Amino acid sequence: MKHEINKSLYQHKIISIEDAVNFVKSDMNLVVGMCASEPQGIMKNLHLVKDKVKNVNIFSVLTLSAFDFYVKPEMKGHFKLTSWFHGPYARKALAERTGTVTYVPNMLHLCVPDFLSARKPNILFGTCTPPDRHGFVSLSLGITYEKDIAEKADLVILEINENLPRTFGDTQMHVSEVNYFVEHNGTVPTLPTVTPDAIESTIGNYIAELVEDESTIQLGFGGIPNAAALSLKNKKNLGVHTEMFVDSMMELYEMGVITNAKKAFNRGKFVTTFAMGTPKLYEWLHENVAVNFQRGGWVNLPQNISKNSKMVSINTCLSVDFSGQVCSESIGPNQFSGTGGQSDTAIGAKSGFDGLGKSIIACRSTAKNDTISTISPMLAPGSAVTLHRSNTDFVVTEYGIAALRGRTVEERTKALIGIAHPKFRDMLMEEARKMNYV
Ligand code: COA
């Protein structure tokens with residue numbers, strides 16, 4: 001990224017990565033930037049102080065790399081990745097019972113006050129751009145919790161990375177608010193765009209049927225939301241209020257599909273709390289005033305989401321039971337990911353001020369090579385309920401749309417069996433009868 005760099009503004013605060021990790025002491029609570037805001041240089045070196053520390057908790061979301069401090073079993077008792085949302089390596093470490101990973105149940109918009117009620121943040125390790133000529137750095141690709149924690153932490157240490165885009169909204173911090181900087185011009189973590197397969201495209205087309213022109217949308221992550229975005233190409237004047245900003249939003253804006261012009265809340269602006277995507281997205285976000293980055297506690301506050309007109313939340317799940325209870329974060333008792341903002345956005349959408357909001361949950365009808373039906377009579381024992389059944393308006397699979405809002409358990413059961421994979425429908429109906437649901 002092109003930044004005007006005036007080193008005299010922060011020269012006196014620069015320390016080495018080694019100095020930064022040496023601030024870590026036993027029993028501390030460290031909070032680190034999430035996803036593309038991960039301070040890669042510091043996290044890659046945290047394990048170096050292993051023999052000097054015990055019981056250090058590292059709070060993060062969707063940790064993207066296999067950092068030694070939590071993937072190596074010998075780190076047990078020294079470090080614990082205390083995660084608000086698991087990524088692939090956290091899942092693996094959990095499965096391997098390394099004792100270095102645990103999960104904090106949370107809803108994204110409350111993760112900071114929940115954290116502060118239980119703990120004191122000792123150090124925030126984050127990332128930022130070089131300061132502008134007025135001495136302000138930008139926290140760049142996300143302020144889900146980073147800025148809130150910076151205001152409460154004993155110590156704020158940021159990695160300055162010239163490859164990060166300068167973004168607007170509430171992302172700015174003055175150099176005087178930061179204790180130390182580490183210079184680390186590493187590669188910013190990216191998320192590739194993937195072409196949807198046939199099933200995802202079919203699901204995307206059904207979702208598009210539910211999205212009216214001039215709607216404000218939130219998209220979750222993964223193949224299905226991406227396919228849904230591609231299916232929205234013929235819509236007019238869409239707006240965005242979303243926790244995660246992705247490539248498809250930039251693409252729909254460039255095509256003139258998203259204009260944000262008809263939004264009832266923050267008209268003319270994208271509203272988001274973090275971004276993750278391709279290098280092209282990061283370049284596009286650089287100095288782009290169309291995108292308003294705000295704190296997660298504000299973006300995902302259901303009361304704020306509900307101020308949008310025709311608000312539609314589009315998220316995915318792992319399993320749905322006959323009554324509409326949704327599990328999106330665990331496979332039985334094994335934590336797979338996290339609640340993230342799923343329940344925030346669903347509640348905010350369905351309680352939209354104009355009565356036109358919708359909460360949509362989508363999934364493939366089967367998992368594991370068609371051996372498991374994702375529509376099931378009951379959630380598997382130990383499953384976490386991500387979405388309360390009264391917050392599930394529509395469930396979509398490749399076999400259609402089940403409308404649940406305001407419907408009875410009997411109506412819900414029949415609608416959900418109607419969008420299950422045909423090979424499971426007889427078995428599911430039999431179970432429904434046994435349960436006295438139909
Ligand atoms: N039982 C057992 N396994 C299942 C399953 C089920 N009911 N449903 C899916 N799986 C398996 C899949 O087969 C797949 O296994 P594999 O990795 O061996 O292929 C794995 O679980 C992941 O499933 P997939 O459908 O590919 O997941 P995804 O990457 O599309 O992510 C969620 C889907 C639901 C996990 C993800 O969207 C999430 O974590 N959501 C919660 C948070 C959220 O929505 N936040 C708001 C937006 S940011």
Side-chain angles (χ1 to χ4, degrees), residues 34-36 61-62 83-92 95 103 105-109 111 142 144 191-192 194 196-197 199-200 203-204 217-229 240-246 248-249 272-277 296 299-300 302 305 312-321 325-349 359-387 391-392 395-398 420-421 424:
M34 64 181 266
C35 294
V61 166
L62 196 50
S83 166
W84 281 301
F85 195 105
H86 289 341
Y89 302 104
R91 279 200 280 281
K92 187 163 177 286
Y103 176 71
N106 73 100
M107 292 185 285
L108 185 145
H109 82 283
C111 75
T144 307
L191 193 66
V194 181
D197 64 21
I199 291 179
E200 288 168 342
I203 296 173
I217 59 169
Q218 171 267 334
L219 289 176
F221 67 89
I224 292 174
N226 185 40
V240 171
H241 184 116
T242 191
E243 66 197 68
M244 178 176 180
F245 197 94
V246 290
S248 59
M249 295 171 182
T272 187
T273 189
F274 74 99
M276 180 87 186
V299 173
N300 267 31
I305 296 170
V312 185
S313 69
I314 302 167
N315 291 306
T316 53
C317 72
L318 298 169
S319 190
V320 187
D321 78 6
Q325 295 193 98
V326 173
C327 169
S328 310
E329 60 187 274
S330 76
I331 297 180
N334 300 317
Q335 192 69 36
F336 184 86
S337 53
T339 309
Q342 185 167 119
S343 68
D344 300 341
T345 52
I347 295 167
S359 120
I360 302 173
I361 286 292
C363 61
R364 292 165 180 269
S365 66
T366 63
K368 301 283 175 208
N369 293 324
D370 289 350
T371 57
I372 295 174
S373 173
T374 52
I375 310 280
S376 61
M378 289 179 260
L379 297 179
S383 299
V385 177
T386 308
L387 206 54
N391 293 325
T392 316
V395 178
V396 180
T397 71
E398 69 273 27
H421 191 288
F424 291 112

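Small disclaimer: the values here were computed from a predicted structure and weren't measured. When a ligand or atom number is given, it counts from 1 through the structure's own listing order.
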Under 3.5 Å donor-acceptor, [X] side chain and [Y] backbone:
X    : Y    : result
N226 : V194 : yes
N106 : C111 : no
E200 : D197 : yes
S365 : T397 : no
S359 : N391 : yes

Going by heavy atoms in the side chains, are [X] and [Y] under 4.5 Å from each other?
X    : Y    : result
H241 : Q218 : no
T144 : E243 : no
L318 : T374 : no
S248 : L219 : yes
L387 : I361 : yes
P225 : T316 : yes
I217 : T242 : no

Could an N or O of ligand 1 be found under 3.5 Å from any N or O of S373, whether backbone or side chain?
-> no
Distance from [atom] to nearest protein heavy atom, with residue and atom:
atom                    : value
atom 48 (S) of ligand 1 : E243 OE2, 3.2 Å
atom 27 (O) of ligand 1 : L318 CD2, 4.5 Å
atom 41 (C) of ligand 1 : G338 O, 3.3 Å
atom 37 (O) of ligand 1 : T316 OG1, 2.7 Å
atom 20 (C) of ligand 1 : F336 CZ, 3.7 Å
atom 21 (O) of ligand 1 : I331 CD1, 3.7 Å
atom 46 (C) of ligand 1 : N315 OD1, 3.3 Å
atom 13 (O) of ligand 1 : K368 N, 3.6 Å

Does [atom] have a protein non-hydrogen atom under 4.0 Å from it?
atom                    : value
atom 7 (N) of ligand 1  : yes
atom 31 (O) of ligand 1 : no
atom 44 (O) of ligand 1 : yes
atom 17 (O) of ligand 1 : no
atom 10 (N) of ligand 1 : yes

I'd like to check which ligand 1 atoms, numbered from 1 as shown, lie under 4.0 Å from a non-hydrogen atom of [X].
X    : value
S337 : 35 (C), 38 (C), 39 (O)
C317 : 34 (C)
I372 : 1 (N), 2 (C)
G220 : 47 (C)

Tell me, please, which residues at least two apart from D370 pass side-chain hydrogen bond (donor to acceptor under 3.5 Å, both in side chains).
-> T366
Partners of Y103 by ring-ring contact (aromatic ring centres under 6.0 Å, His included), sequence neighbours excluded?
-> H86
Hey, looking at atom 4 (C) of ligand 1, which of A384, S319, A346, A367 has the closest heavy atom?
-> A367
Proximity of L219 to ligand 1 by residue part, where a heavy atom lies under 4.0 Å = neither
For [X], state whether at least one heavy atom is located under 4.0 Å from any atom of ligand 1.
X    : result
G222 : no
A380 : no
T386 : no

